[in-house]
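Written below as structure tokens is the structure these notes are about.
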Amino acid sequence: MDNHSYNFPSDCTPLTNCKSARKPAGSTVVNMGNAGKNPPKDYLIWSLCNTLYVNFCCLGFMALIYSIKARDQKTQGNLQMAQECSDKAKWYNILAAGWNMLIPLLAIVLLVLLLIHLGSSQGSFDFFGEDGFQNFMKLFSW
């Protein structure tokens, strides 16, 4: 049907308001969500690294759980819960990273102190001499 063959009602013509055939104009609301806010970070990669490396007291695993929860809540649109899970994942990652750095540092410090102590003992142990490594290994043999 083209425009020439269509008969408009007498009170409704093109490009004018047709009050009898149309409903009153309403408003349209478009929900854009949080357009100005950035979604919270989920720290998933950091959690994976902490889970795979040392993972003392399962802190890295706990961070991984909260990271996955934060990502799930973010995709569901619940940004408040996503922010809470993200904060918990961040703190578990900080604790896990601290432990992951502290344990090797303590091992290095203990090894250095052991070497200093064994090197300073008078005549009982010649660690820095010719037989030093063999004498050191005798400490660990039964």
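Both backbone and side-chain heavy atoms feed into the values below; hydrogens, waters and symmetry mates do not. The first residue of the sequence shown is numbered 1, and numbering continues consecutively from there.
How far CG of L111 is from CG of L106: 12.5 Å, rounded to the nearest 0.5 Å. Note that CE of M62 is 10.5 Å distant from OG1 of T51, once rounded to the nearest 0.5 Å. Atoms CG and CG, from L110 and L114 in turn, are 8.5 Å apart once rounded to the nearest 0.5 Å. Atom-to-atom distance recorded for C49:SG and L64:CG is 10.5 Å, nearest 0.5 angstrom.
In the hydrophobic clustering, where aliphatic and aromatic side chains (Ile, Leu, Val, Met, Phe, Trp, Tyr) are joined below 4.5 Å either directly or transitively, L113 groups with V109.
Judged as a side-chain hydrogen bond (donor to acceptor under 3.5 Å, both in side chains), and not counting sequence neighbours, the contacts of N78 are Q73. Remark: W99 engages F56 in a ring pair (Phe, Tyr, Trp, His ring centres under 6.0 Å) (not counting sequence neighbours).
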Quiz: residues 85-96 side-chain donor-acceptor pairs under 3.5 angstrom, not counting sequence neighbours:
residue, atom, partner, partner atom, Å
S86, OG, K41, O, 2.3
D87, OD1, Q83, NE2, 3.0
N93, OD1, S47, OG, 3.4
N93, OD1, N50, ND2, 3.0
N93, ND2, S47, OG, 3.0
N93, ND2, A89, O, 3.0

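Sorted by first and then second residue, the pairs that involve residues 45-74 and meet salt bridge (Lys or Arg N to Asp or Glu O under 4.0 Å), not counting sequence neighbours, are D42-R71. Judged as a salt bridge (Lys or Arg N to Asp or Glu O under 4.0 Å), not a single pair has a partner in residues 96-119 (not counting sequence neighbours).
In this structure, I68 and L44 approach most closely via the heavy-atom pair CG1-CD1, 4.0 Å.
When the side chains of ILVMFWY residues are joined at heavy-atom separations under 4.5 Å, either directly or via intervening members, L102 and Y53 end up in a single hydrophobic cluster.
Crowding of Q80 atom CD: a count of heavy atoms from other residues, nucleotides or ligands under 6.0 Å not exceeding 12.
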